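First comes the structure, then the notes that go with it.
None of the values given here were measured: they were computed from a predicted structure.
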Amino acid sequence: MSAILRGGRGLLTLVAGLALLAACSHAPPRNPLATWTPSPNHDFRRPLLIVLHFTGDDSTQQALDTLRTGNDSGPVSAHYLIDRDGHIDQLVPDQWRAWHAGSGRWGTITDLNSASIGIELDNNGHEPFSQPLVDSLLRLLGDLTTRLHIPPTQIIGHEDLAPTRKDDPGPSFPWGELAQAGFGLWPRGPLCDPPAGFDPWMALAVVGYPLDDRPGTVRSFHHHFRAMQGEMLDTEDARILYNLAQQIDGGGNVCSAPAAPAGGG
């Protein structure tokens, strides 16, 4: 009986030790040079936008291996991976910094990894995105924008923030379908010719695009908003940019007012 009790106490000690180790593994790092005197006045990082990628791989398992290992060119990760069938894997907690964006800029944000949630989409870059994948993405975007208080317009592609380096999610990605569900910045109402003096390059910068490589920026803009190739701005681009700039400015679409009746009414 005493042996059983001794064994029971040993088991309890082991369980308590494992519980303590588990608690310590989740405790925030503390500087041994200082006394830990915690304050409640803090929180986790707050993501400001969501960045969409395609994996460029031919299978979900291949993408998972890439996102969870060291890789020859260095470790990469993302917060979420959505496969072609719509299954969602979470690889990094929302409050942590995943290594998905790399160097680039969106508006005034230069450390994109610290300011964003990264979502990898199971697509090799040369095929349409499956509908189950898109449906799961819409559900995930609804959750993230609501729970993390990310503005629904702040959803961009990897190529938008790094047009000199990246081309994902590419011209095949259905940005218009996302817009119909309320996600992403997208033209609203009728398009019209901008007024004299309108600068489309300034409008691109207002939207968020970097202008270091202007042909690359136009290519990314065309992929996102027109599902086409091309590195030169045209009149339709100017109309779209004028519409987007008005949304950002908050003044409303000047083309949305009805035309005045003939003869002055």
Side-chain angles (χ1 to χ4, degrees), residues 22-30 38-57 60-71 74-123 129-130 132-162 166 168-169 173-175 177-179 181-185 208 224:
C24 290
S25 69
H26 292 90
R30 301 174 184 177
S39 169
N41 303 328
H42 69 278
D43 59 9
F44 293 103
R45 75 170 187 121
R46 290 187 178 274
L48 303 175
L49 69 161
I50 297 170
V51 180
L52 305 182
H53 310 253
F54 59 52
T55 61
D57 293 322
T60 305
Q61 188 58 54
Q62 186 178 358
L64 283 171
D65 291 343
T66 300
L67 295 168
R68 299 172 67 224
T69 58
N71 307 304
V76 295
S77 59
H79 295 89
Y80 297 92
L81 168 66
I82 306 178
D83 71 20
R84 288 169 169 81
D85 295 331
H87 178 79
I88 302 173
D89 284 293
Q90 183 170 11
L91 291 83
V92 177
D94 297 333
Q95 295 82 5
W96 292 6
R97 185 178 186 268
W99 302 336
H100 67 97
S103 61
R105 186 171 73 252
W106 186 251
T108 60
I109 303 172
T110 55
D111 186 357
L112 273 301
N113 283 337
S114 294
S116 64
I117 294 287
I119 302 176
E120 291 278 355
L121 307 174
D122 185 15
N123 183 283
F129 289 79
S130 73
L133 182 153
V134 174
D135 291 341
S136 289
L137 174 60
L138 292 175
R139 288 194 299 272
L140 181 57
L141 292 177
D143 166 70
L144 293 172
T145 54
T146 300
R147 185 165 46 81
L148 303 180
H149 306 290
I150 299 174
T153 56
Q154 291 291 81
I155 299 167
I156 63 173
H158 198 186
E159 64 181 326
D160 294 318
L161 67 92
K166 296 296 180 178
D168 56 314
F173 183 74
W175 288 107
E177 186 173 348
L178 263 65
F183 301 112
L185 184 65
H224 190 135

Near Arg46 CZ, under 6.0 Å, is it more than 12 heavy atoms from other residues, nucleotides or ligands?
no
Give a yes or no answer on whether the side chain of Asp83 reaches the backbone of Asp85 with a donor-acceptor pair at less than 3.5 Å.
yes
Point-to-point distance, once rounded to the nearest 0.5 Å, from CD1 of Ile155 to CD1 of Ile150
8.0 Å
Report yes or no: do His100 and Ser116 form a side-chain donor-acceptor pair below 3.5 Å?
yes
Are any non-hydrogen side-chain atoms of Leu121 and Phe173 less than 4.5 angstrom apart?
yes
What I want to check is whether the side chains of Arg105 and Thr110 have a donor and an acceptor closer together than 3.5 Å.
no
Do you know which two heavy atoms are closest between Ala78 and Val92, and how far apart they sit?
O-CG2, 3.5 Å
Aromatic ring pairing Trp175/His224, orientation class (parallel under 30°, perpendicular over 60°, tilted between):
parallel
Look up atom CG in Leu138 and atom CZ in Phe183, then write down how far apart they are to the nearest 0.5 Å.
6.5 Å
Determine yes or no for a side-chain-to-main-chain donor-acceptor pair under 3.5 angstrom, with Thr55 supplying the side chain and Asn123 the backbone.
yes
Considering non-hydrogen atoms only, spot the tightest contact between His79 and Ala98 and give its length.
CE1-CB, 3.4 Å
According to salt bridge (charged side-chain N to carboxylate O under 4.0 Å, His left out), who are the partners of Asp94, at least two apart in sequence or on a separate chain?
Arg147
Does any non-hydrogen side-chain atom of Leu67 lie less than 4.5 Å from one of Glu120?
yes
Exercise: identify the closest heavy-atom pair between Ser103 and Leu161:
O-CD1, 4.2 Å
Is a side-chain donor or acceptor of Asn113 paired with a backbone partner of Trp99 at a separation under 3.5 angstrom?
no
Distance from Thr66 atom OG1 to Gln61 atom CD, nearest 0.5 Å?
10.0 Å
